[in-house]
Amino acid sequence: MTDRWQKAMDHAVAIARTAGRVVREALQAERKATTKNSSVDLVTQTDQKVEQLIIQSVKEKFPSHKFIGEESVAAGEPSILTDEPTWIIDPIDGTTNFVHGFPFVAVSIGFSVNRQVEFGVVYSCVEDKMFTARRGKGAFCNGEPIQVSDQEDIRQSIIATEFGSNREPEVVDHIFSNLRKVLTIPVHGIRGAGTAATNMCLVASGCVEAYYEIGVHVWDIAAGSVIVSEAGGVLMDVEGGDVDLMSRRVIAANKRTIGKRIVREIHPFDVIRDDGQVPQEQG
Ligand code: IPD
Ligand code: CA
């Protein structure tokens, strides 16, 4: 049987490469940022231009498909995941890196049907690494299969996380308290590339054992989620249940035991879900 979504995936790879070229070129020019939800939540004309480029080209090929795009949502479009085929787009994951020329910037395109991510494409455009995964068919970087690390001991691990863009002191205290707990397990190190999508690809490639963050968005993690699971990793909520892509909380790990150990160390804090729904009590 032919793969129903293969054409969509081929298109995602092609458009991610084109988008990445635009981002790379923009990195050579002056990059003026404006702000969104806070003084450190940045956006540039390139974010908006690249998102439009991706959405327009997808609409021409797949006119009935839906979209959740970071910049469209910022402009007032709804952020609701339905059963419909939906492209979940972050035109530049790592906008702060982009503005400062810090060389980890990714184009992230996830595609979900029945609320399940069917494929993910993350193009780390400065490194020129194209990460791809189709559900049930493995994960790849530039066409070569990738696999998570086989390390089972968190004390022998590197854990990735981020500080996010909320600078309210209570939130920062919470993030630091979680970080302190994980660091003092102790682990070999803590890292963060400045892009959630790249951090997830680092898990999928076996370079770090796990990545966790509270405060991410669905467009940061949709594509990466299937890349991690197809590379043999696991995804879970920060309280240990199933990951909910709209909840703005994620742990991606090489092994369930490592993910669960992070669950034991960190405490969640409140964030407004991407779909605006009131969070359910976690078990
Ligand atoms: C952000 C990056 C960052 C993470 C934030 C994301 P953006 O995405 O992925 O690493 O800490 O939670 O929102 O704003 O650069 O697309
Ligand atoms: Ca972005």
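FYI, side chains are in, hydrogens and waters are out, and symmetry mates aren't considered; it's all heavy atoms of this structure. First listed ligand is number 1; within each ligand, the first listed atom is number 1.
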Requested in this report: Kindly assign one of parallel, tilted or perpendicular to the pair Phe102 and Phe104, based on the angle between their ring planes and the thresholds 30° and 60°.
Outcome: tilted

**Report entry** Aromatic ring pairing His174/Phe269, orientation class (parallel under 30°, perpendicular over 60°, tilted between)
**Finding:** tilted

Report task. Give yes or no for whether the N/O distance cutoff of 3.5 Å, strictly under, is met between His217 and ligand 1. Result -> no

Query - Atoms of ligand 1, numbered as shown, that sit under 4.0 Å from any heavy atom of Glu213 - result: 4 (C), 5 (C), 11 (O), 12 (O)

Report summary line: If we number the atoms of ligand 1 from 1 as shown, the ones under 4.0 Å from a heavy atom of Asp93 are 1 (C), 2 (C), 7 (P), 8 (O), 9 (O), 15 (O), 16 (O)

Query - Structural part of Asn97 in contact with ligand 1, heavy atom criterion under 4.0 angstrom - result: neither

**Report entry** Distance filter under 4.0 Å to Gly194 heavy atoms, resulting ligand 1 atoms
**Finding:** 2 (C), 3 (C), 10 (O)

Query raised in the report: Would you call Lys36 and Glu71 a salt bridge, using N to O less than 4.0 angstrom?
Result: yes

Query - Atoms in ligand 1 flagged as close to Asp220, the criterion being non-hydrogen separation under 4.0 Å - result: 6 (C), 8 (O), 9 (O), 13 (O), 16 (O)

Query - Within-cut-off N or O pair, Asn199 and ligand 1, under 3.5 Å - result: no

Query raised in the report: What atoms in ligand 1 come closer than 4.0 Å to a heavy atom of Gly164?
Result: 11 (O)

Query raised in the report: Can you list the steps and then say if Gln151 with Ser157 is a side-chain hydrogen bond (donor to acceptor under 3.5 Å, both in side chains)?
Result: CA-CA 7 Å; Gln151 182 57 255; Ser157 301; 5.4 Å; no

Query raised in the report: Does the pair Asp244/Arg273 count as a salt bridge with the N-to-O cut at 4.0 Å?
Result: yes

Report summary line: Val216 heavy atoms within 4.0 Å reach ligand 1 at atoms 12 (O)

Query raised in the report: Which of the atoms in ligand 1, numbered in the order shown and given with their element, are less than 4.0 Å from a heavy-atom of Glu162?
Result: 10 (O), 11 (O)

**Report entry** N/O separation below 3.5 Å, Thr96 to ligand 1
**Finding:** no

Query raised in the report: For atom CD of Gln6, is the number of surrounding heavy atoms from other residues, nucleotides or ligands below 6.0 Å larger than 12?
Result: yes

Query raised in the report: Considering only heavy atoms of Thr95, which atoms of ligand 1 have at least one such atom less than 4.0 Å away?
Result: 15 (O)

Report task. Report yes if Ala196 has an N/O atom closer than 3.5 Å to an N/O atom of ligand 1; otherwise report no. Result -> yes

Query raised in the report: Would you say Val122 and Met200 make side-chain contact, with heavy atoms under 4.5 Å?
Result: no

Query raised in the report: Taking the six-membered ring of Phe119 as reference, does the NZ or CZ atom of Arg135 fall below 6.0 Å from its centre and within a 45° cone about the axis?
Result: no

Report task. Indicate the ring-plane relationship of Phe111 and His65, choosing parallel, tilted or perpendicular according to the 30° and 60° boundaries. Result -> tilted

